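Below: the structure, in structure tokens.
Just follow the structure's listing: the first ligand is 1, and inside any ligand the first atom is 1. A quick note: this is a predicted structure, and the numbers were derived from the prediction, not measured.
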Amino acid sequence: MSTTDKNLSPVEHIKIASNYLRGTIADGLADELTASIAEDDTQLTKFYGFYQQDDRDLRAERKTSKLEPHYQFMLRLRLPAGVVTGEQYLEIDRLADEYANGTLRLTTRQTFQYHHVAKKHLRPLLQDAYAIGIDARGACGDVNRNVMASAFPEKSAVHAALHDWSTKLSEHLAWKSRAYEEIFLQQQATGEADHEPIYGTTYLPRKFKIAIAVPPENDVDLFANDIGLIGIVDNDELVGFNVAIGGGMGTTHGEPATYPRLGSVIGFAPLDKVLETVETLVTIQRDYGDRENRKHARFKYTIDDHGIGFIHEQLAERANLHLDPARDYHFERNGDPIGWFVDDDGKHHVTLFIENGRIADFDDNGRAHHGQYMGPANYKLRTGLREIAKIHKGTIRLTGNHNVVVSGIEPADVDAIAEIVSHYGIDDGSTERNSALRHASMSCVAFPTCGLAMAESERYLPDLVGKIETLMQEAGLGDERIVVRMTGCPNGCARPFLGEIAFVGKAPGKYNMYLGAAFDGSRLNKLYRETIGEDEILAELAPMIERWAAEREPNEHFGDFVVRVGIIAATREGRDFHDDVGPAEAA
Ligand code: SRM
Ligand code: SF4
């Protein structure tokens, strides 16, 4: 590939010319005349974990005042399986005050994001994180992203193995250029030539995602990943993984050539073949992924264009890999069980519900960060979590659904931690505060920071869930779980196409409504109504929820019900996502 290849997408040219991701980032950081960095560099900084944004709440006002947009940065850490110690947590929390907006945002891929970071704070933030053993290398960008792993396997030894695997894969696939150390850690250049053994100078055509889970828990939404590794356990020991390939959520409104897709299970890899299998799959995508059209560049399209047979041929040709037939597995649910549990080692764990992942202290009026974020009045969530981290000797694990597991609590500390949880009113499932419906709801970030948002999400879903809770009560339903997802645009950051009910932003106050995904994350949903506002959403949902209450079969989930009774057609695979949309005629 060369810079003279005119068909390459602009981002490919930027990568080629960047000298292993350096670009002019160092100059941009030094430029005090603007709060922004050069446009080309904004593509490169993603590889270092940060995005240039501007505060969208202030955009119009700044424009009227003829000021440059309120530039700021979002910075995302790399944290395989979302695991930190109490000490690391306290430092991560401190950095939010020191360099960001005093809030932490947990992500759907088990890590922390800082918002409203000023340019001058990027370097110190990354240096302070590095001092506690955490970096942001490849948290974003055209490389492998944060490797997810289930937070909930029942067996502690299996749990430890999943964490090890996520770290091993994350390290193996991390980009290697010394640019990170030189620009952000200000270490001297070594004089040695840079080398990217897996990625080469143009890295991957697009982002790449890996998740690991052990059935029956699918809390990572495994099938939404480019590679999903399904842990197979024999006699309480992890023996290998079924390999699922080609998952992804991102679509573009009005462009049917883009579609979400769930991973296809292509076989079983024993433990000694896993690293090689994953690396080879990454290189297939590196070499065959579309580098001209970024909307067609994810692994899911490479697979659908070439076929699964081609992937097997490539595995054999490149690394003499022949996967065994996939082993039996059975997922039961996605999402997180909120509450306390004890593992087979007698260690205690508690999963705390963090609505949409925003960790903040909310004041008497429920305001955080000057009212940009709202929550329950006088809810000191951030302080409470800090108090837990101060005494907790185990780990703190972020889940793929924006929640926090205080994990491996010594029996002697259980009462003290339970006392803090209760004192601060944090939801451990034992309070009456939140319904099962709310526990199963999840929204992406959207306004005010996300530059791609078309509608509110994090700041609106809690209200909408409250109204759906009322519909549930009116239908005489108890505390039932329906997976509800919302995103501010169709990129799919809260994995909306796996929602039994989902809302995807179209314009301010307007959403596309999707129905019918499976409760275990194994079936996509389908578009039901386009561009509707809250009144229409509730008017559509009320009779459906009533009907579910009256007609469902024992233990039938909402997503399965709406498909069975014909309210919506089932999506069988990504390529039929756009077929038979809308209310089905039989309904
Ligand atoms: Fe995402 C872009 C936030 C998980 C698909 N995502 C963005 C950006 C960076 C917007 C941008 O490009 O300017 C968002 C920053 C918002 C902000 O202000 O913080 C953003 N994505 C997030 C997070 C923080 C949402 C959250 O509520 O937690 C998640 C961070 C995960 C992490 O720690 O790495 C997040 N994004 C996802 C997921 C879910 C997942 O990975 O399990 C998806 C769908 C799965 C997939 O990749 O297919 C996802 N994000 C996208 C896409 C569409 C990709 C595509 O294939 O089309 C974009 C836009 C893009 O890449 O062009 C995007
Ligand atoms: Fe932004 Fe869209 Fe992702 Fe939401 S789904 S965070 S609006 S890119």
Side-chain angles (χ1 to χ4, degrees), residues 9 11 42-43 46 49-56 72-80 82 101 103 105-117 136 138-142 144-148 205-211 219-226 228 246-253 255 258-263 289 293-301 334 354 356-358 398-402 442-459 461 485-498 502-506 521 574:
S9 77
V11 178
T42 62
Q43 294 300 332
K46 296 178 186 180
F50 64 90
Y51 275 68
Q52 180 167 300
Q53 302 182 320
D54 70 285
D55 189 326
R56 296 187 64 180
Q72 56 189 27
F73 295 82
M74 174 277 276
L75 192 146
R76 183 185 294 166
L77 301 175
R78 174 172 69 117
L79 209 61
N101 66 1
T103 77
R105 180 53 155 78
L106 310 183
T107 77
T108 52
R109 294 195 72 77
Q110 299 179 288
T111 186
F112 295 93
Q113 275 189 187
Y114 296 99
H115 285 117
H116 292 84
V117 181
C140 317
D142 292 347
N144 179 53
R145 300 292 189 87
N146 202 41
V147 179
M148 298 179 77
R206 206 61 166 89
K207 56 178 69 167
F208 197 91
K209 299 183 172 178
I210 301 176
D219 54 307
V220 295
D221 278 330
L222 182 123
F223 298 108
N225 288 265
D226 296 271
M249 291 280 110
T251 67
T252 304
H253 286 313
E255 292 191 23
T258 64
Y259 52 85
R261 183 186 191 283
L262 295 188
N293 175 6
R294 285 181 69 81
K295 287 191 178 170
H296 182 256
R298 292 294 293 272
F299 197 27
K300 59 183 176 182
Y301 300 118
N334 59 7
I354 313 292
N356 299 321
R358 183 69 60 182
L398 311 187
T399 78
N401 302 290
H402 291 153
M442 183 160 82
S443 82
C444 72
V445 179
F447 286 93
T449 52
C450 180
L452 306 178
M454 300 170 177
E456 292 283 357
S457 186
E458 178 184 328
R459 304 196 294 190
L461 184 62
R485 303 268 171 96
M486 174 177 276
T487 54
C489 84
N491 281 313
C493 299
R495 300 183 289 268
F497 307 117
L498 284 168
F503 307 99
V504 172
K506 198 81 192 290

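Remark: the Arg358 side chain and the His402 side chain contain no N/O donor-acceptor pair separated by less than 3.5 Å. No side-chain donor from either of Asn225 and Arg145 sits under 3.5 Å from a side-chain acceptor of the other.
Any protein N/O/S atom under 2.8 Å from atom 1 (Fe) of ligand 2 was counted, giving 1 altogether.
Close to ligand 1: His115, with a non-hydrogen atom less than 4.0 angstrom away. The closest approach between any non-hydrogen atom of Asp221 and ligand 1 is not below 4.0 Å. The shortest separation from a heavy atom of Glu458 to ligand 1 is not under 4.0 Å, leaving the residue out of contact. Close to ligand 1: Ser443, with a non-hydrogen atom less than 4.0 angstrom away. The shell of residues lying under 4.0 angstrom from ligand 1, judged by heavy atoms, includes Arg206. Put simply, no part of Arg145 is less than 4.0 Å from ligand 1, judged by heavy atoms. Under a 4.0 Å heavy-atom criterion, Leu452 is in contact with ligand 1. At a 4.0 Å cut-off, not a single heavy atom of Lys300 sits close enough to ligand 1 to count as contact.
Near Gly492, the atoms of ligand 2 lying under 4.0 angstrom from a non-hydrogen atom of the residue are 5 (S).
The shortest side-chain heavy-atom distance between His115 and Gln53 falls under the 4.5 Å cut-off.
Taking only nitrogen or oxygen atoms, main chain and side chain alike, His402 reaches within less than 3.5 Å of ligand 1. Between Arg495 and ligand 1, at least one N/O pair is under 3.5 Å apart. Considering backbone and side-chain atoms alike, Arg298 places an N or O below 3.5 Å from some N or O of ligand 1. Ligand 1 has a nitrogen or oxygen under 3.5 angstrom from a nitrogen or oxygen of Gln53. Checked against a 3.5 angstrom limit, the closest N/O atoms of Thr111 and ligand 1 fall outside it. Checked by distance only, ligand 1 and Met249 come closer than 3.5 Å through their nitrogen or oxygen atoms.
Panel note: side chain Arg56, backbone Ala453; a donor-acceptor pair is recorded below 3.5 Å. Although no hydrogens or angles enter the test, the distance criterion places a donor-acceptor pair under 3.5 Å between the side chain of Thr108 and the main chain of Cys493. Judged by distance alone, the side chain of Arg206 and the main-chain N or O of Arg294 form a donor-acceptor pair under 3.5 Å.
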